[in-house]
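Heavy-atom basis, side chains included; hydrogens, waters and symmetry copies ignored. Lettering follows sequence order; numbering is per chain, from 1. It should be emphasised that the depicted structure is a prediction, and the values quoted were computed from it without experimental measurement.
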There are 2 protein chains.
Amino acid sequence: MGLTKTYMFTTKQNDLAKIAKVLAHPARVAILEYISKQDACICTDLVDIIGLSQPTISQHLNEIKKIGLLKGTFEGKNLCYCIDQERWEELQQTFHLFFSNINRNCC
Amino acid sequence: MGLTKTYMFTTKQNDLAKIAKVLAHPARVAILEYISKQDACICTDLVDIIGLSQPTISQHLNEIKKIGLLKGTFEGKNLCYCIDQERWEELQQTFHLFFSNINRNCC
DNA sequence: TTTTAATATTGCAATATTACGATGATATGT
DNA sequence: ACATATCATCGTAATATTGCAATATTAAAA
């Protein structure tokens, strides 16, 4: 059916899945890598860097924005944005916690 | 087009995306959480625990298996498997590295 | 050997994602 | 005001994902 049954799962599980979904495309990984390694805000040039069309990049950026990973100005001709560091560290923590919970006694 | 242009990205970027894709569904998050918290191997009962149909669970398990997160016996009537701890820690490290690379001078 | 219980596979319908051309909106420069 | 540059949105085509009923496979039990 293509429709995820989110109501069957906890908020935490759905949240992690939602974040993971954003990272589940190499273009978005590449975009995040690029932005997070910049010394300043991003204005343009992502289309050239990544190599996908401008509408496609715009859509990917929007997905990233949706989980709150970008901050800055999003109006006008030239954008100016960067990683929201606080949110970034929050997500880092989310993944850290997920991977930390594991028992050892196993086959 | 629905077709990700993987050839435009690095192996690392594609790998991270592939792993994230597995975590990008709450059922698979729930399954992983459950298995990783068990004291012993899993045999059955996932269908009851998660609440999706048996074929659906089977498919989700297969996605998890594909990225090497499960080890154990996968033949016969009763399976017996658990988290592959080595691979688990490898993925943990992958995400850790991804989230560690961030510059501070920003807007 | 037949039955039974557990898991896998197949086939399909519904929905989601990816990508881009065309177009629209917005701000800056001339 | 007009052109230009930059980014967003719309529409659409191709492909992927999700979920389950039906069926197949497998190994152990009777």
Report task. Considering non-hydrogen atoms only, spot the tightest contact between A:I102 and B:Q85 and give its length. Result -> CD1-CG, 4.4 Å

Query raised in the report: Is the count of non-hydrogen atoms from other residues, nucleotides or ligands lying under 6.0 Å from B:K65 atom NZ greater than 12?
Result: yes

Report task. Hey, which sits more toward the 5' end of DNA chain D by its nearest nucleotide, B:H25 or B:P55? Result -> B:H25

I'd like a table of donor-acceptor pairs (distance under 3.5 Å, sequence neighbours excluded) in which one partner is a side-chain atom from residues 17-29 of chain B, with atom names and distances.
residue: B:H25; atom: ND1; partner: B:A27; partner atom: N; Å: 3.0
residue: B:H25; atom: NE2; partner: A:T4; partner atom: OG1; Å: 3.4
residue: B:R28; atom: NE; partner: B:V22; partner atom: O; Å: 2.7
residue: B:R28; atom: NH1; partner: B:H60; partner atom: ND1; Å: 3.0
residue: B:R28; atom: NH2; partner: B:K21; partner atom: O; Å: 3.1

Query - Distance-only donor-acceptor test, A:Q59 side-chain atoms vs D:dA8 base atoms, 3.5 Å - result: no

Query - For atom CD1 of A:I31 and atom C1' of D:dC7, their distance in whole Å - result: 14 Å

**Report entry** Listed nucleotide nearest any side-chain atom of A:L79, set D:dC7, D:dA21, C:dC20
**Finding:** D:dC7

**Report entry** Residue closer to the 5' end of DNA chain D, A:T4 versus A:S58 (nearest nucleotide)
**Finding:** A:S58

Requested in this report: Take atom NZ of B:K65 and atom C1' of C:dT9, then tell me their distance rounded to the nearest Å.
Outcome: 12 Å

Query raised in the report: Side chains of B:T56 and B:Q59: is there a donor and an acceptor less than 3.5 Å apart?
Result: no

Report summary line: Separation of C:dT17 atom P from A:I57 atom CD1, nearest Å, is 18 Å

Query raised in the report: Roughly, in whole Å, what's the span from CD1 in A:I49 to P in D:dT6?
Result: 14 Å

Query raised in the report: Separation of A:D45 atom CG from D:dC7 atom C1', in whole Å?
Result: 13 Å

Report summary line: In whole angstroms, the gap separating P of D:dT17 from CG of B:L23 amounts to 15 Å

**Report entry** Close approaches to DNA chain C from residues 10-22 of chain A, in residue order (heavy atom, under 4.0 Å)
**Finding:** A:K21

Report summary line: When A:Q54 and A:E63 are each assigned the nearest nucleotide of DNA chain C, the 5'-most assignment goes to A:E63

Report summary line: Tightest non-hydrogen contact, residues A:N14 and A:F9, listed as ND2-O, 3.5 Å

Report summary line: Taken in chain and number order and not counting sequence neighbours, the residues that satisfy salt bridge (charged side-chain N to carboxylate O under 4.0 Å, His left out) with A:K66 are A:E63

Report task. Compare side-chain N and O positions of A:S53 against OP1 and OP2 of C:dC20 and report whether any pair is under 4.0 Å apart. Result -> yes

Requested in this report: In whole angstrom, give the distance that lies between atom CG of B:L61 and atom P of C:dT9.
Outcome: 12 Å

Report summary line: Rounded to whole Å, CD1 of B:I50 lies from P of C:dT7 at a distance of 14 Å

Query raised in the report: Phosphate oxygens OP1/OP2 of C:dC20: is one of them under 4.0 Å from a side-chain N or O of A:T56?
Result: yes

Query raised in the report: Just to confirm, is there a sub-4.0 Å distance from OP1 or OP2 of C:dT17 to any side-chain nitrogen or oxygen of A:H60?
Result: no

Query raised in the report: Should the pair A:W88 and B:F98 be assigned to parallel (<30°), tilted (30 to 60°) or perpendicular (>60°) ring geometry?
Result: tilted

Report task. Would you tell me if any nitrogen or oxygen in the side chain of A:K5 comes within less than 4.0 Å of OP1 or OP2 on C:dT15? Result -> no

